[in-house]
Structure formats: C-alpha cells, structure tokens
Colleague: 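Got a structure for you, written out below as structure tokens; questions coming shortly.
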Amino acid sequence: MEQWVPLFDIFLTSPTPESEASTWLNQSFSASSSTSTPITTGSFLSLLMKPLDSIVVDESSSSSSAWPPCTNRVMFIQTLPNMVQSRVLSFLGFERQRFSGRDLAKLARTVLSGSQELDFWVQRAARNLLDVVSESNYEWISCLSLGSGEDEFESLPGWLKESAASSDLVLPWLPISPEELDWRTVNGNYENNYGSLSQVGECEDEDMNDVLEEMNIDNPESVHLEPEIKKRAVSLKARVVDFQSTSETVGLAKEIRELCLEKGGDSFTVLGLIEPWLADDETASILLSHLTSGSEEELTWPSQVLCSIILPKLLALEEPSSRVLVTATVEYCKLHQRASEYALLFPLILRRDGINNPIYDVITRIIKESLHPAHVASFCQKLLCGEKDERKVICLPCHQYLITDKMVWTESFFNLLQSILNHNVHLSQNSVDQIIYQVQQLAERFSNSLKFGNFLLCFVTKCSPFLKHHRLILTRVVEHNKTFLAKSILGKLAGL
C-alpha cells in the first residue's frame with residue numbers, strides 16, 4: 001500500500017490529477033522494475049478492487065436498543081472520499097489502454113451496483129468509465145464495404161477519391177461549392193473550433209437553464225403584472241373560447257403576441273391568464289400558425305406557445321386528435337424542434353398516467369415528420385439514460401400535476417419505441433442497455449401482450465449488434481411471453 005501513497009496524494013490534492021497521475025505512473029514503471037514489489041497497472045487495479053469489511057451502524061436507533069452493527073463487503077476504492085473516487089475513475093477512463101478492459105468494466109459495474117447511496121460525481125465517472133470500455137460487436141460494419149485492408153487508416157477510400165477528382169464540389173456527397181464554403185471556418189484555429197464543438201451539449205444545457213429561469217416556472221406567484229395587462233389578458237381569454245371567423249382569430253393571435261412580447265408583461269404568466277388551450281381545435285391551429293417565431297434557434301417563445309396551446313390538449317387526449325390540430329402541430333414542430341422536445345415530447349412521455357394510443361399517434365407523427373433521426377436518437381438517450389435534471393420539461397404551473405419525473409411504461413410506449421426503431425433511429429449502447437433492464441422488470445406484467453411481443457421482435461432485429469452480451473437475459477424475458485411471437489424472437493436470439 002505504501003508505494004501507492006504518492007499516487008493517491010495526487011488524486012487528493014492535484015488540480016490536474018489525470019495528467020500528473022499518468023506522469024507518475026510512467027516514472028514509477030521504470031523505477032520499480034528492479035524492486036520486489038513492482039508497480040504495475042494490474043497491481044493498482046487489484047488494490048482498488050481489494051475486498052474489505054465495512055461496518056454500518058444504524059444511527060437512527062437509540063444506543064440502548066440498537067442492534068449490533070452489520071458488516072458490508074466493499075472494495076477498497078469505495079472506502080475513499082467521494083472526490084478521490086471520482087478522480088480515480090476518471091483517470092482509469094483516461095488511461096484505459098493501459099489496463100484490462102474487462103477488469104475496468106467489472107470495477108465500474110461494482111461501484112454502480114453498490115448498496116450505499118452513490119455520490120453524483122462518482123456515479124457519473126463510473127458510468128463514463130463503463131461506457132468507454134464496454135465491448136460491442138461491430139461485425140455489422142463489414143457489410144458496408146468501406147474499403148480494403150490495403151488503404152491507410154486515415155486515407156480516403158478509392159471510390160471517394162475518384163468522386164472528388166471528377167467533381168468541382170468540395171465534398172462530393174454534399175451540395176457545397178468552393179464559393180459557398182467559408183474557408184475561414186476550414187483554415188481557422190483548430191483548437192478553438194474543437195473547443196466549441198466539445199461544449200455544444202454544455203451550452204445547450206446552459207441555454208435551457210436560462211429559458212427556465214426566464215419563464216420563472218418554479219415561482220410564478222412572484223411575477224408582478226400591471227393591472228392593465230391583467231385586464232387585457234382576461235378579455236382575450238373570453239375571445240379565445242368564442243370563435244367567430246378565421247380573420248378575427250388571426251387578429252386575436254396578433255393581440256396575444258403583442259401583449260406577451262411587446263407590452264412588457266411576463267409572457268408565461270400572461271398565457272396562463274389567457275388560457276389558450278381552452279380554444280377549439282380549429283382556433284388553436286390558427287393561433288399556432290400565427291404565433292410562430294421567425295428564428296428556428298429561439299427556444300423561449302416557441303416553448304411557451306406549445307405548452308400553453310397544444311400540450312394541455314394532448315395531455316387530456318383520450319380520443320384521436322383532429323387532423324387540423326395534428327397537422328398544425330407537426331408544421332410548428334418542424335420550425336422549432338428543440339422547443340417541441342422540451343415543451344411537448346418530454347411532458348407527454350412523462351405523463352403521470354403514461355401515454356395512450358391517441359397520444360402515441362401524435363408523438364409518432366411529430367417524430368417522423370418533424371425531427372431528424374439523429375435528433376431523435378439524442379432525445380432517446382436523454383429520456384432513457386439521462387438524470388432527472390436532463391429531462392427538462394416546460395409546462396404551465398397549472399398543468400404540472402399531470403406530469404411526473406419518471407416514465408410510465410405502457411403498451412403504447414413500447415409501440416412508440418418500435419416506431420422509433422422502424423424510423424431508422426440508431427440507439428446508443430446506453431439506451432439499449434436501459435431498455436433491456438426495463439423489459440426484464442416488465443416481462444411478467446406484459447406476458448400476454450402482443451404489442452410487447454412485437455416490440456421485442458423489432459428490438460432484437462434492429463439492435464442485434466448491441467445484444468450479444470444480453471442474449472441470456474433476453475431469452476429469460478421471452479420465455480415469460482405467452483404469445484405466438486415468442487418462438488420467432490427466440491429464433492432471432494439464437495442467431496446472435
């Protein structure tokens with residue numbers, strides 16, 4: 001243990017532990033080669049995974065009546081401070097090529113499956129480590145015929161060289177001519193470009209947090225509105241439920257927009273007073289088409305429009321929605337994809353009673369016609385694997401009771417996942433693993449469900465490259481299924 005003290009001191013005090021630990025490890029390899037206890041990556045992992053007995057005392061019990069303390073079996077790394085644990089796990093991910101991938105995966109899984117409550121940063125570091133060392137079967141790539149083994153690793157394949165030579169386009173597969181390309185972005189500072197790319201997700205989260213703060217969702221009572229604005233909002237509410245003609249509804253939309261965005265009132269609070277979700281479907285579709293924003297990147301106003309006009313209608317949907325409303329919603333979501341994610345898709349899927357068939361139909365239309373498959377894959381990753389604060393929901397305070405922070409798995413939700421897979425959306429390994437965990441828990445409950453069986457058949461067919469190590473688990477799941485599809489699914493699993 002003494003030989004590792006300098007390394008743990010780096011993890012405890014250094015502002016850059018990964019790089020310093022890597023340097024220390026390089027120096028210690030050569031210095032310890034002649035000693036009786038050489039420093040190796042294997043011995044470091046053995047130390048981290050060394051089993052120890054941890055005594056747990058129930059502090060809630062009085063000393064006079066408390067049971068004797070119980071003993072839990074833990075690894076050595078789990079006895080370290082949370083900050084040191086997260087830094088060690090991050091270092092192992094950074095230097096994963098030096099360690100056994102199987103041992104790293106075992107370490108990460110054991111940390112994540114521990115009985116004690118896990119610190120947020122330790123959990124995140126363990127998940128990241130498990131992600132980077134997880135094995136995956138990539139044999140499906142061989143069918144793409146991307147080139148022969150004679151090509152250099154970073155060289156272009158022959159077919160692409162020929163296409164580039166015969167074309168005056170910069171990228172033969174994209175319609176971009178040299179005149180249209182801003183060469184400053186190509187020849188600019190690579191480090192700056194790389195930094196901006198690596199921070200895209202972080203900037204998006206910051207943008208989302210700013211939007212939620214601007215809307216003041218958590219404390220709407222603190223927003224002060226001028227009496228005149230309140231009076232106008234109440235008068236607009238009466239006009240919303242009294243449809244006269246298309247031209248008058250267009251004028252109503254103009255007045256709503258003016259009151260929300262130009263008169264200095266808090267738009268989120270004003271829309272709550274107007275209650276535009278009470279309008280009939282035809283009026284709602286007209287309002288939606290005339291309350292659109294000119295910028296596709298804007299998030300605040302489009303989110304407010306969706307969550308005040310469309311979302312409440314869909315949350316209460318028990319019958320198929322009207323064609324006019326669905327068409328208007330799909331067109332609006334095409335223009336404002338991020339807003340549709342936070343103010344429509346997340347709230348609907350997190351509906352307290354789960355999604356039903358009418359809601360499934362609307363969500364499917366939006367996903368197929370309004371969102372790019374890559375966007376849908378990202379959405380699924382956040383939905384299935386994200387923490388609670390990553391599934392951000394925008395809705396009016398009066399509708400929050402209809403939404404929960406956990407998904408309710410229904411037959412219609414499995415239908416939705418099947419539709420997403422059939423839409424050629426490529427799920428990540430994390431998303432696939434989470435689905436497998438859920439179907440394992442729900443196998444008995446949906447044992448007689450044809451929809452569940454259809455989803456399993458689609459899932460095994462579409463995601464087969466990710467299922468090699470889950471074949472036994474899925475086989476047990478299918479064995480609970482009592483539908484005629486079970487035999488076909490087991491046949492697919494046998495071929496993995």
Colleague: To the nearest 0.5 angstrom, please state how far the CG atom of Leu467 sits from the CG atom of Leu474.
Modeller: 6.0 Å
Colleague: Applying side-chain contact (heavy atoms from CB on, under 4.5 Å), run through Cys260 and Leu271 and close with a yes or a no.
Modeller: CA-CA 8 Å; Cys260 290; Leu271 288 170; 4.0 Å; yes
Colleague: Supply the atom-to-atom distance Glu248 CD to Thr283 OG1, rounded to the nearest 0.5 angstrom.
Modeller: 10.5 Å
Colleague: Quick one, Leu421 and Cys463 - any side-chain contact, counting heavy atoms below 4.5 Å?
Modeller: yes
Colleague: Could you check Leu416 against Ile367 for side-chain contact (heavy atoms from CB on, under 4.5 Å), going step by step and ending with a plain yes or no?
Modeller: CA-CA 10 Å; Leu416 176 62; Ile367 287 177; 4.0 Å; yes
Colleague: I want to check something: taking the side chain as every heavy atom from C-beta on, are Tyr332 and Ile309 in contact at a cut-off of under 4.5 Å?
Modeller: no
Colleague: Has the side chain of Arg96 got a donor or acceptor atom that lies under 3.5 Å from a matching backbone atom of Gly93?
Modeller: yes
Colleague: Taking the side chain as every heavy atom from C-beta outward, state whether Ile420 and Cys380 have any pair of such atoms under 4.5 Å apart.
Modeller: yes
Colleague: Counting only heavy atoms not in Lys451 (residues, nucleotides, ligands), do more than 12 fall under 6.0 Å from its NZ?
Modeller: yes
Colleague: Does Tyr401 offer a backbone N or O that forms a donor-acceptor pair with the side chain of Arg352 under 3.5 Å?
Modeller: yes
Colleague: Taking atom OG of Ser340 and atom CG of Leu299, what is their separation to the nearest 0.5 Å?
Modeller: 10.0 Å
Colleague: Is the side chain of His423 donor-acceptor paired with the backbone N or O of Val425 at a distance under 3.5 Å, no angle test?
Modeller: no
Colleague: Does a donor on one side chain and an acceptor on the other come within less than 3.5 Å for Gln434 and Asn430?
Modeller: no
Colleague: Out of curiosity, Leu118 CG to Arg124 CZ, how far, rounded to the nearest 0.5 Å?
Modeller: 12.0 Å
Colleague: On a heavy-atom basis, which atom in Leu288 and which in Ala328 lie closest, and how many Å separate them?
Modeller: CD2-O, 3.5 Å
Colleague: With rounding to the nearest 0.5 Å, note down the distance linking OG in Ser308 to CD1 in Ile394.
Modeller: 11.5 Å
Colleague: Decide yes or no on side chain to side chain donor-acceptor pair (under 3.5 Å) for Ser247 and Ser245, but give the supporting numbers first.
Modeller: CA-CA 6 Å; Ser247 60; Ser245 65; 3.2 Å; yes
Colleague: Would you check, one step at a time, whether the test salt bridge (charged side-chain N to carboxylate O under 4.0 Å, His left out) holds for Glu479 with Arg476?
Modeller: CA-CA 5 Å; Glu479 286 173 350; Arg476 296 192 196 102; over 6 Å; no
Colleague: Does Leu325 offer a backbone N or O that forms a donor-acceptor pair with the side chain of Ser285 under 3.5 Å?
Modeller: no
Colleague: Mind checking what makes salt bridge (charged side-chain N to carboxylate O under 4.0 Å, His left out) contact with Glu275, not counting sequence neighbours?
Modeller: Lys237
Colleague: Tell me, with the steps shown, if Thr483 and Asn481 meet side chain to side chain donor-acceptor pair (under 3.5 Å).
Modeller: CA-CA 6 Å; Thr483 69; Asn481 195 273; 2.4 Å; yes
Colleague: Hey, is Arg338 close enough to Glu341 for a salt bridge, meaning N to O under 4.0 Å?
Modeller: no
Colleague: Taking NE2 in His426 as the centre, count heavy atoms belonging to other residues, nucleotides or ligands within less than 6.0 Å. Is the count above 12?
Modeller: no
Colleague: Determine whether a donor-acceptor pair (N or O, by modelled atom type, separation under 3.5 Å) exists between the side chain of Ser90 and the backbone of Arg87.
Modeller: no
Colleague: Got a donor-acceptor contact below 3.5 angstrom from the Ser419 side chain to the Asn415 backbone?
Modeller: no
Colleague: If you take all heavy atoms of Leu273 and Lys230, which pair is closest and at what distance?
Modeller: CD1-CG, 4.2 Å
Colleague: Would you find a donor on one side and an acceptor on the other, under 3.5 Å apart, between the side chain of Ser447 and the backbone of Lys482?
Modeller: no
Colleague: Ignoring hydrogens, what is the shortest heavy-atom contact between Leu130 and Ala105? Give both atom names and the distance.
Modeller: CD1-O, 3.8 Å
Colleague: Given side chains that start at C-beta, do those of Leu350 and Lys406 come closer than 4.5 Å, heavy atoms only?
Modeller: no
Colleague: Would you please test Asn356 and Glu318 for side-chain contact (heavy atoms from CB on, under 4.5 Å) and show each step?
Modeller: CA-CA 8 Å; Asn356 52 28; Glu318 296 294 340; 3.5 Å; yes
Colleague: Could you check whether the rings of Phe452 and Phe414 sit parallel, tilted or perpendicular, using 30° and 60° as the cut-offs?
Modeller: perpendicular
Colleague: Just so I know, are the side chains of Val270 and Arg232 near enough to count as touching, which here means a heavy-atom distance under 4.5 Å?
Modeller: no
Colleague: Please report the shortest heavy-atom distance between Ala125 and Ser86, naming the atom on each side.
Modeller: CB-O, 3.7 Å
Colleague: Evaluate the side-chain contact (heavy atoms from CB on, under 4.5 Å) criterion for residues Ile435 and Phe466: first the C-alpha distance (whole Å), next the side-chain angles of each, then the deciding distance (0.1 Å), finally the verdict.
Modeller: CA-CA 12 Å; Ile435 291 175; Phe466 301 110; over 6 Å; no
Colleague: Is a side-chain N or O of Gln337 found less than 3.5 angstrom from the main chain of Ser370, in a donor-acceptor match?
Modeller: yes
Colleague: Cys307 and Leu396: which non-hydrogen atoms are nearest, and at how many Å?
Modeller: O-CD1, 4.0 Å
Colleague: When the ring planes of Phe413 and Trp409 are compared, do they come out parallel, tilted or perpendicular, using 30° and 60° as the limits?
Modeller: perpendicular
Colleague: Could you tell me whether the side chain of Met407 reaches within less than 4.5 Å of the side chain of Leu384, counting heavy atoms only?
Modeller: yes
Colleague: Quick check: closest heavy atoms across Pro397 and Phe268, and the distance to 0.1 Å?
Modeller: CD-CE2, 3.8 Å
Colleague: Check whether any side-chain heavy atom of Phe459 sits under 4.5 Å from a side-chain heavy atom of Ile436, and report yes or no.
Modeller: yes
Colleague: Is Tyr342 close to Leu306 at the side-chain level, that is, under 4.5 Å between some pair of heavy atoms?
Modeller: no
Colleague: Working to the nearest 0.5 angstrom, can you tell me the gap between Tyr360 OH and Leu348 CG?
Modeller: 14.5 Å
